Structures are given as structure tokens and as C-alpha cells.
Protein chains: 2
Amino acid sequence: MTKSAELSNKQQLVMDLLEKKPNPMSAYMILDQLRDSGFRAPLQIYRALEKLIGMGRVHRLESLNAFIACSHISCEKGGATAFVICDRCENVQEVCDESVSLFLAGLTQKAKFRASKSSIELHGICNACEEA
Amino acid sequence: MTKSAELSNKQQLVMDLLEKKPNPMSAYMILDQLRDSGFRAPLQIYRALEKLIGMGRVHRLESLNAFIACSHISCEKGGATAFVICDRCENVQEVCDESVSLFLAGLTQKAKFRASKSSIELHGICNACEEA
DNA sequence: CAATTGACGTAATGTTATAACATCACTATT
DNA sequence: AATAGTGATGTTATAACATTACGTCAATTG
């Protein structure tokens, strides 16, 4: 529920909802939850998400077609992030340390590539679920 | 155009098409190209793709909702792969060496996780396009 | 032979995302 | 005040991607 002067009303509503949920949400789930707040069409959700993603406050999970609030302050500063996603409980861990950026740096060098965006997503079962 | 006894007729047609294309194709692109070969519905494509992906002969690119033939023999043996995707020419490089598996091993360890699937996709501009 | 399995056929539907076009609120400039 | 630019918004329609549900058929195997 972090407040940000730069967000419009609608953008803030989407941000707040995502920050309340620990799990990823699809755009249409978000829409369903926000109908009472004045959202009526998918595009309204996608537009807000686009902004929030651009600011680094929300991440898109490509392998789920879903969205999640960033759990770090650091991501807003542009570091690359890896997502570790439990397929049982849908919990998502964000890993955003040097190992990620070093790995990506090595990759771009090997591939002779100018990278602009990365998507690193690992699926499996988290420890908590494993023990349960 | 690698031959494989284990493939059905339809599966082979999809495999052949993907092996002819250097670039990723969506399921619906594949369908369009294979209408004359007897494919009539998306599901027929998705079923063939599911098999081929299971065998490691085709990869799904989550960030593109598209599919590409595996360019390594090694991937069929189960090694994790990273994809480096040029957004200009759509060329895809598959990286499938130790750096990838080591990175993933570190990640699962840090996250206390039992991984079953990974998706590593890097977008940007390749060297050839950069110089053009 | 009966039962199982895997591939296939078809229609309908579900889910995710964007195009196209119009309007409104705010700001800066003339 | 008038003008023009910008970013957010509203609405409808449609594109693009994927699966459910149901049924058929042939090969395999207990």
C-alpha cells in the first residue's frame, strides 16, 4: 500500500490490489476485483499495468501471463530479477542479487548481444509445500 | 528434418515445419501453414507441440507465446536452456552450457526449491542487427 | 476377447491482449 | 482568454492464444 504521488487514481488502485496479494494475478482477475472501483474493460487494467511495470513497481510473469507487485525496493532501480515460482501454492520469490546480473552479463557477452529485457522464471515446488 | 520413428504423421509435419524455420512460430502460424497438410483446428497443433516439447525437440518461448525447434542435440537430453532473442530479426540463440545449469542450481539452493521447469529468455538486439 | 492407451476429429468455449477511436483534464505558451 | 500539447481515460470491437468436452479409431496387451 505504498503511496506514490506519481500514480493516477486508477494506477494506484491496481497497485494497491497487487500489493495486498502475495500471489500473481492475471489482468482479468484484477479487473474482476476492481469492477466496483470503476474499472469496466481489460484495457484499463493493461494500461495501468504498463505504467506500473515501466516504473518497476510491478513485474510481469511471462510463464503465467500474470502480474505481481515488486517485493524489493531495489528492483525499482532496474536490477534484473529472477522469479522462483511454486506451482503448488503460487508463492513467488524474487531473486535480484549479483548472481543474476552476473549470469546475464555472461550470457549477453557470449551471445554478442545488447539486452533490453530479461525474463527468468523457475517453476517447481517450494520447501514449505514439499514438507506439507 | 530429422527423422524419428517415434513421431506420428502429424507430429512429424509440425516438427518438419519448425525445423525449416529459423524463427519462432506461434501455434496459429503453424496451423495456417499446415492447413493443406490436413490440420484443421488449433488443438491438433497444440497436441503435436505438447509431444514434441515433451521429447525436448521443440521449445516453447513463454515471452513470445511461440515455438521453435531445438537446435541442439544436447537439449534432448534434458539440460536447461537459455534463449537469447533478437527483437529485430527474431533470431533465437539457444545457450545450454554449464553456466546456465550452474546458475539454476544456485538459484534453487538459495530459494530452497525443487525445480521442475525453467524459462530463461533474454530480449534485445543481436550483433548482426546492431551493425546493420 | 475386453480393456487400456494414444492419436485423432470437431465444435465450442475460455483466456489473454490490443486496435481504433473519442473524450477529458491539465499545463504551458501565445 | 485562446491555443496546442500531453497523458490519462472511456468504450467497443476484435485479435491472438489456449483448453474443455466429447466422440472415434487403431494398436497393444492382459
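Labels below follow one simple rule: chain letters A, B, ... track the order of the sequence lines, proteins then strands, and each chain is numbered from 1. Small disclaimer: the values here were computed from a predicted structure and weren't measured.
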- Query: Are B/K110 and A/D97 within salt-bridge range, i.e. N to O under 4.0 Å?
  - Reply: yes
- Is a salt bridge present between A/K117 and A/E62, judged by a nitrogen-to-oxygen distance below 4.0 Å? yes
Nearest-angstrom distance from the residue atom [atom1] of [X] to [atom2] of [N]:
{"X": "B/Q44", "N": "C/dG6", "atom1": "CD", "atom2": "C1'", "result": "15 Å"}
{"X": "B/I30", "N": "D/dA18", "atom1": "CD1", "atom2": "C1'", "result": "13 Å"}
{"X": "A/I45", "N": "C/dT15", "atom1": "CD1", "atom2": "P", "result": "16 Å"}
{"X": "B/L13", "N": "C/dG9", "atom1": "CG", "atom2": "P", "result": "11 Å"}
{"X": "B/E6", "N": "D/dA27", "atom1": "CD", "atom2": "P", "result": "19 Å"}
{"X": "B/M25", "N": "D/dA16", "atom1": "CE", "atom2": "P", "result": "15 Å"}
{"X": "B/L31", "N": "D/dA18", "atom1": "CG", "atom2": "P", "result": "13 Å"}
{"X": "B/N9", "N": "D/dC25", "atom1": "CG", "atom2": "P", "result": "19 Å"}

Has [X] got a side-chain N or O lying under 4.0 Å from the OP1 or OP2 atom of [N]?
{"X": "A/N65", "N": "C/dT15", "value": "no"}
{"X": "A/S8", "N": "D/dT9", "value": "yes"}
{"X": "B/K51", "N": "C/dG6", "value": "no"}

- Query: Can A/R60 and A/N65 be counted as having a side-chain donor-acceptor contact under 3.5 angstrom?
  - Reply: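 There is such a pair between these side chains.
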- Item | Spacing of CZ belonging to B/R57 relative to NZ belonging to B/K51, to within rounding of 0.5 Å |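 B/R57 CZ to B/K51 NZ: 12.5 Å, rounded to 0.5 Å.
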Closest nucleotide among [options] to the [X] side chain:
{"X": "A/R60", "options": "C/dT16, C/dC8, D/dT9", "answer": "C/dT16"}
{"X": "A/P42", "options": "D/dA18, C/dA17, C/dG9", "answer": "C/dA17"}
{"X": "A/S26", "options": "C/dA17, C/dT16, C/dC8", "answer": "C/dT16"}
{"X": "B/L43", "options": "D/dT11, D/dT19, D/dA8", "answer": "D/dT19"}
{"X": "B/R40", "options": "D/dG10, C/dT10, D/dC17", "answer": "C/dT10"}

- Message: Closest-nucleotide mapping onto DNA chain C: is B/G38 or A/A66 further toward the 5' terminus? I mean the 5' end.
- Response: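 Its nucleotide being nearer the 5' end, the pick is B/G38.
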- Item | B/A41 backbone acceptor or donor facing B/Q44 side chain under 3.5 Å | yes
- Message: I'd like to know if B/R47 reaches the base of C/dG9 with its side chain, counting only an N/O donor and acceptor under 3.5 Å.
- Response: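 Pair found.
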- Task: Would you kindly check whether a donor in the side chain of B/Y28 faces an acceptor in the base of D/dA15, or vice versa, at under 3.5 angstrom?
- Result: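 In this structure, the two groups form no donor-acceptor pair.
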- Message: Just to be sure I understand the rule, does A/A41 reach a base, reach only the sugar-phosphate, or reach nothing, if contact means heavy atoms closer than 4.0 Å?
- Response: base
- Task: Apply the side chain to side chain contact (heavy atoms under 4.5 Å, CB included) test between A/F103 and each candidate in B/L102, B/L104, B/I120, B/L107; give the one that qualifies.
- Result: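 Of all the options given, the one that passes is B/I120.
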- Are the ring of B/Y46 and the base ring of D/dT19 both nearer than 5.5 Å at their centres and tilted by less than 30°? no
